[in-house]
Each structure stands twice: as C-alpha cells, then as structure tokens.
Amino acid sequence: MHLVRRVFSLDLRSIALFRIMLALLLLADLALRSLDLSVFYTDDGILPRHQWLKVTHQWHWSIHAASGELWWQVLLFVLAAGFALALLFGYRSKLASAASFILLASLLNRNGLLLQGGDILLVVMSFWAMFLPLGARYSVDSALQSIHRDNPNAIPANAFREQPYFSVATIAIVFQVLYLYIFTAFLKTGDAWISRFDAAYYAVSLQHFATPIGQWISQFPLLLKPATIYVLAVEFIAPLLVLSPFYWPRLRIIGLLLLASLHAAFLLMLHIGLFPLIDFMALSLLIPGSAWVWLRSSEKQQARRAEQSSIVIYYDEDCGFCLKTCLILRSFLLPQTCRILKAQNYPAIHAIMERENSWVVTDADGKPHIHWHAMVLLFRQRWPFRVLAWIMSLPPLLSLGNRVYRWVADNRGLMGTLSERVLPFRALRLRATLLGSLLAAVFFVVVTAFNVYMMPGMQGQMPQSVNHLARAFRLNQRWDMFAPYPLTSSSYLLIPGNLRNGEQVDVYPLTSSLPDWQVPQRFYPLYDGYRWRKYLGRVDSHKNNAVREAFGSYLCKSWNNQPRSRDTQLATLEVHVVKLRTSTDGQPKKETRRRIWRHWCYPEFADT
C-alpha cells in the first residue's frame, strides 16, 4: 500500500499549479473562441440549432443551445470567464471548478465540429479537477481558513510538509493523464509508425499544420526517421517511468520530462492551438513534492525565504476586511511564516497607522512602508508578480494606487460588510468524502472501458451504459492523434460562386477560385485560425450532409446580408477541396481537386 500511495499521491503544490494553469487555459480558450462567437455558436452562424440537432450525439447536452441569440452566448461566456477567474485565485474552488466544467462541456457540445484533442483533454481534466482540493495552497480558500479567524498566524497541520494527497480520485487522475500517451501509442499501428518510420516527416509536411520551423525541418527526412521512433518510444516508455514506485522520484521526473519534450516539439513545429499547453497543464499535476523541495533548497532560495519571513504586516484590529486582505496577500506573495499582527499592540506602529490612516508593512530591515508603497513591496517578493510590481510602482499608477487605497481606507465599514458576505472564513477540507470516492471509482471504470472499446477490433462492442455515461459527462475520448497513421495530404478549400448577373466570384476570401491560382508554400494562413481549419476539414470529411448544407447557408447569408444590389446577390456556390498528397520519394506533391457540395441561395436557382 505504501508503494501505491507513493505513485498515486498528488502534492498540494502541484495541485495548486494545475488549478492556476487550468484557469488560465480556460480564459485563453474563451478569448480565442470569442473571436468567432456569433459564427460558431449562434443561429446566424455555421451550425444553427436545427442543424445541430442532426449532427450532435443525443447525450451531448448544451446550455448554450437553449438560445440561438448572440446575447445568450455572451452571457454564458462572461459567466464562464468569471468562474475561471475565481478558479485562478482559488476562491470557492469547488464551486468554481464545477461551474467551469459544466459551462465548458456545454460549450463543446454546442459545436463539436470545431473540436480537437486539446479540447477533449481540457474538458476531461476540468471534470477530474472537481475531485481535488484545488484551494489547499496559494488560494483565497487557504488564506481564509477558519483557523485564521482568531489567530492569523496559526499554522495549519502539515503546512510545511510535502503533504501528498491520496484518494481514489488521484488514482483515476494519474491514469487519465497517462491514457493519452498509452492509448495513442497502441493506436499507432500504421506502417509509417512501425516499419517505414515516416510519420514525423508526414506530420511536418502538412502545409495546413506545419509552422515555419516544421516546414524547414521537413527538408531532412532522414533526420525525421529517428524522431518518429523517439515519439513512439516515449509514448510507450514514459508512462511506465511515471508509474514506477522504484527509484522514486527520479524515474517520475525523467518520465515527465520525456513527455514534456514531445509537446515542446509539437508546439514548435505544428499549429495545433492550445493542445501542447493543455498537455503541460495535465502533466504539472504529476510533479512530485520532492521537486518543489529541491527548487527551494538552494542557499540563495533559503536566504530569500528567510528575508521574506522577516516581513511583518500590521493591520487595524477593528477592520475585519483589513485582516482578510492581509491573509490573502500573504497566501499568494509571502511564506506562511510571515507574521500578521495587530497594529494596536505596537505603539510606534500604531502611531504611524493613526497618522497616515494606513496599514504598515515592515521589510527585512524593519523599515516601515505604507499605503500603495507597501503593496508594491509585497508584490516584489514573488517572481511571477515582480513585473506587476514594477508596473504598479510607475509614478502615474503609484499615484492612482494611493488614491484607491485612501478610498478603501475611508470606506472600511462598507468593505467590511461586503467582505463578510463575499469573503467569509471557511473550513478547508482535505479528506475525500465517501460519495466522492465512489463517484471517482465509477467514472474511472467508465473512462478506462471507453478507451479500451475505442481500440481496433473493439468498436461496436461498447456497452450502452459506458457509452451513455461517458458522453453525458463529456468523458468520451479517443486519443488517435496521427493514428493509426498520420495524414498524408495537405488541403484547402476553393469556393467559387455565381451572382444573379452571372459573374463568378470568390466566396471564400482567403483563397481564389481563379484557374491560375498558385499553390502557396504554406496553407495555414489560408485559415482564420486552427478552429476554422478543423471545422473546414469536417466540412470535407463529415458523413452528414447537414454540415455542408449549414455551411452553404452561412456563406449565402454572409454575402447577401451585405448592402448590395439585387444583381450582385450570390445565387449559387460550390465547395471544392484541393489536396496535395505527400510523397517520400522526393517527387512533387500530387494535386487532386473534387467538388464536395453545391448550394443554391434562392429556390429559383435550385436546378441551375
């Protein structure tokens, strides 16, 4: 049992890092999706709800589909951003993580045509996050523990130990993170992976995927053969190293570094959006506590922490809001050993507080700092916030900060009333509940079974109970990135259209329908981002014509809703896909073109 706990325990600091990275990625994902909010998620876009019902799975529910209006999507995006910010700061972490998962699952279900592997991993990790004590470290929740109500310097139990967190959920989560690598390795059965070793070459030769670095390295196919072997070897070996209870934690760290090296390479060579960053986030959860101890063990770090611990924060004992603010600032910016004291107990400090109407912070030399200057001092103590401290110390912002501080100081009563409702002291629970453990066990079985039944030869045998549960909770997953073999063709769309007056136009403005259009070196600039590339690929590959019908209708509306004369209205359009197949013998890519859809914008052109 000792070895099991060693492998499947998660350090509270790693959980905190995971929480912060998850929140930042949720915010980044919302920001990127908001660029095409109306197009992707409203009835005026590429998948109106009546078409969505034809292509979505019956168990994929969506709050976003409750309305096709833009205001509804904006409201849900704002709510999701608010909960992600709460998660970032560890405020009501359980509620924030649950709400974030629900809104993310709903968003993904609203338009599954946009999804890639990174989206699946993000929602899956959001689900499992609900089973973790996300607010145990570096959070508002940890700052406002009940134990600090009467004694802000009380040290919670095991505060300075590694304190690994172990539960049924942590076992499930460790396997969930590694399933991505284990199952994608087993799914890579094509010759390009296991005999010819051309998979890496094919991947960087995809002109609609490759970055300039990827395009450059595609000139060295012999070098890319060992790269293919390296990818497959790491996906098989690294999970075993991560799970090894022996030579702990060296093998765990080596395994994590090997997996991280894959994502660093993908980030440099392929346009796959947030996927590599989401992978880094998932891997961060598995960082062993000894790694954090090692980072703090250098003499320089120890001296730095000793200096920070000598900082003292003095607050007005009659101001509950002031105490809570000090606790929160200490949680994020200072060691737990930094003292928070009542100014009234120290006559010299109390005199400064009364004279300046300000809190007082003394540095390592005992020098007092007040107002906004004290805030800048605290932000300088942690490296992630030092740039912010420099910005805060700029003369215009320093003056603004002092004015804001004075306003808060003059309205302590109001702030105290608000903080009682918004920032109450709460008990911080670290032990898993029986119900939580049972649910984690059930979903662990569901996730494992779903992945197994996605293996070749197993499809069609999945029990309906597994399928329905996985899809209802957005845990359905298949890690088939570039498996069983990588894509071998670069592609883009040509969309010529005809106006009422017979003139031919280019409906898709990023390309041209003219016969003499030259194939570019890179196709990625032909797309408005990686989600558009994914969507347009699905327009080509999806089995349901409702996808192409909805796309054609969107193009008609986009053109004809512009102020234009009747003769220049779009009458019909055709969607053609151009593919260039990669060869490994040095020959030029073979080009093929085919029409995948014809659409009329007005009924009178249906038969023309």
Side-chain angles (χ1 to χ4, degrees), residues 11-14 16-17 20 89-90 136-145 147-148 151-163 287 289-317 322-353 356 358-395 397-398 401-402 405:
D11 190 85
L12 293 178
R13 289 159 293 190
S14 299
L17 175 61
I20 293 168
F89 293 105
R137 290 288 185 273
Y138 310 116
S139 66
V140 174
D141 291 344
S142 64
L144 301 184
Q145 297 183 63
I147 194 175
H148 292 145
N151 183 5
N153 300 306
I155 304 300
N158 299 319
F160 299 109
R161 296 171 57 187
E162 291 185 25
Q163 195 178 356
I287 297 174
S290 54
W292 297 107
V293 174
W294 177 79
L295 288 173
R296 296 171 52 182
S297 63
S298 68
E299 291 184 7
K300 183 177 180 180
Q301 284 294 325
Q302 291 180 2
R304 179 70 176 168
R305 287 186 65 82
E307 179 181 335
Q308 291 173 340
S309 295
S310 63
I311 292 175
V312 182
I313 304 175
Y314 297 91
Y315 72 99
D316 181 1
E317 68 174 333
C322 301
L323 171 59
K324 292 174 180 177
T325 301
C326 294
L327 288 167
I328 292 170
L329 289 172
R330 181 178 67 181
S331 179
F332 286 103
L333 304 174
L334 295 166
Q336 186 69 28
T337 49
C338 173
R339 291 176 298 161
I340 299 174
L341 303 175
K342 299 175 182 178
Q344 282 83 347
N345 293 341
Y346 301 86
I349 297 296
H350 187 224
I352 297 174
M353 186 186 74
E356 301 291 342
S358 170
W359 68 335
V360 180
V361 178
T362 56
D363 59 23
D365 298 323
K367 179 182 177 181
H369 299 258
I370 58 175
H371 300 140
W372 194 250
H373 296 82
M375 191 74 73
V376 173
L377 170 69
L378 298 186
F379 271 78
R380 284 177 178 157
Q381 303 309 309
R382 286 275 169 89
W383 67 263
F385 300 100
R386 285 174 191 163
V387 173
L388 186 58
W390 176 78
I391 295 173
M392 292 164 60
S393 65
L394 295 174
L397 292 180
L398 192 61
N402 281 323
Y405 182 87

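Fair warning: this is a prediction, and the values are worked out from it, not measured in the lab.
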Please tabulate, for the side chains in residues 359-366, all donor-acceptor contacts under 3.5 angstrom to protein atoms that are two or more places apart in sequence or on a different chain.
from	atom 1	to	atom 2	distance (Å)
Trp359	NE1	His371	O	3.1
Asp363	OD1	Asp365	N	2.9
Asp363	OD1	Gly366	N	3.1
Asp363	OD1	Lys367	N	2.9
Asp363	OD2	His369	NE2	3.0

Among residues at least two apart in sequence or on other chains, which ones pass side-chain hydrogen bond (donor to acceptor under 3.5 Å, both in side chains) with [X]?
X	value
Gln344	Asp316
Ser393	none
Ser310	none
Ser139	Ser142

Which heavy atom of [X] sits nearest to which heavy atom of [Y], and what is that distance?
X	Y	result
Phe385	Phe332	CE1-O, 3.8 Å
Ser331	Tyr138	O-CD2, 3.6 Å
Ala343	Met353	CB-SD, 3.7 Å
Tyr315	Pro152	OH-CG, 4.4 Å

CA sep, side-chain torsions, deciding dist, call: Asn151, Ile147, side-chain contact (heavy atoms from CB on, under 4.5 Å) | CA-CA 7 Å; Asn151 183 5; Ile147 194 175; over 6 Å; no
Spell out, as yes or no, whether a donor-acceptor pair under 3.5 Å connects the side chain of [X] to the backbone of [Y].
X	Y	result
Asp141	Ala136	no
Arg330	Cys338	yes
His148	Ala154	yes
Ser309	Arg305	yes

Is any side-chain heavy atom of Met392 less than 4.5 Å from a side-chain heavy atom of Phe379?
-> yes
side-chain contact (heavy atoms from CB on, under 4.5 Å) between Leu378 and Leu334: does it pass, once the steps are laid out?
-> CA-CA 7 Å; Leu378 298 186; Leu334 295 166; 3.8 Å; yes
Hey, could you give me each pair passing side chain to side chain donor-acceptor pair (under 3.5 Å) that has a residue in residues 381-392? Not counting sequence neighbours.
->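 Pairs touching residues 381-392 that pass the test: none.
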State which residues pass ring-ring contact (aromatic ring centres under 6.0 Å, His included) with Tyr314; sequence neighbours excluded, sorted by chain then number.
->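 So Tyr314 forms a ring-ring contact (aromatic ring centres under 6.0 Å, His included) with Tyr346.
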For Phe89, check ring-ring contact (aromatic ring centres under 6.0 Å, His included) against everything at least two apart and list the hits.
->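 By the ring-ring contact (aromatic ring centres under 6.0 Å, His included) rule, Phe89 matches no residue at all.
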Tell me, please, which residues at least two apart from Trp292 pass side chain to side chain contact (heavy atoms under 4.5 Å, CB included).
-> Asp11, Arg13, Ser14, Leu17, Ile287, Leu295
Can you list the residues that meet the side chain to side chain contact (heavy atoms under 4.5 Å, CB included) rule with Leu398, with sequence neighbours excluded?
->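 Once residues adjacent in sequence are excluded, the partners of Leu398 under the side chain to side chain contact (heavy atoms under 4.5 Å, CB included) criterion are Trp372, His373, Val376, Asn402.
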Would you give the length of the straight line joining atom [atom1] of [X] to atom [atom2] of [Y], rounded to the nearest 0.5 angstrom?
X	Y	atom1	atom2	value
Leu397	Ile391	CG	CD1	8.0 Å
Leu323	Leu144	CG	CG	8.5 Å
Thr337	Ile311	OG1	CD1	10.0 Å

Taking disulfide bond (SG atoms under 2.5 Å apart) as the test, write out the residues that go with Cys326, two or more places apart.
->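 Here no residue qualifies.
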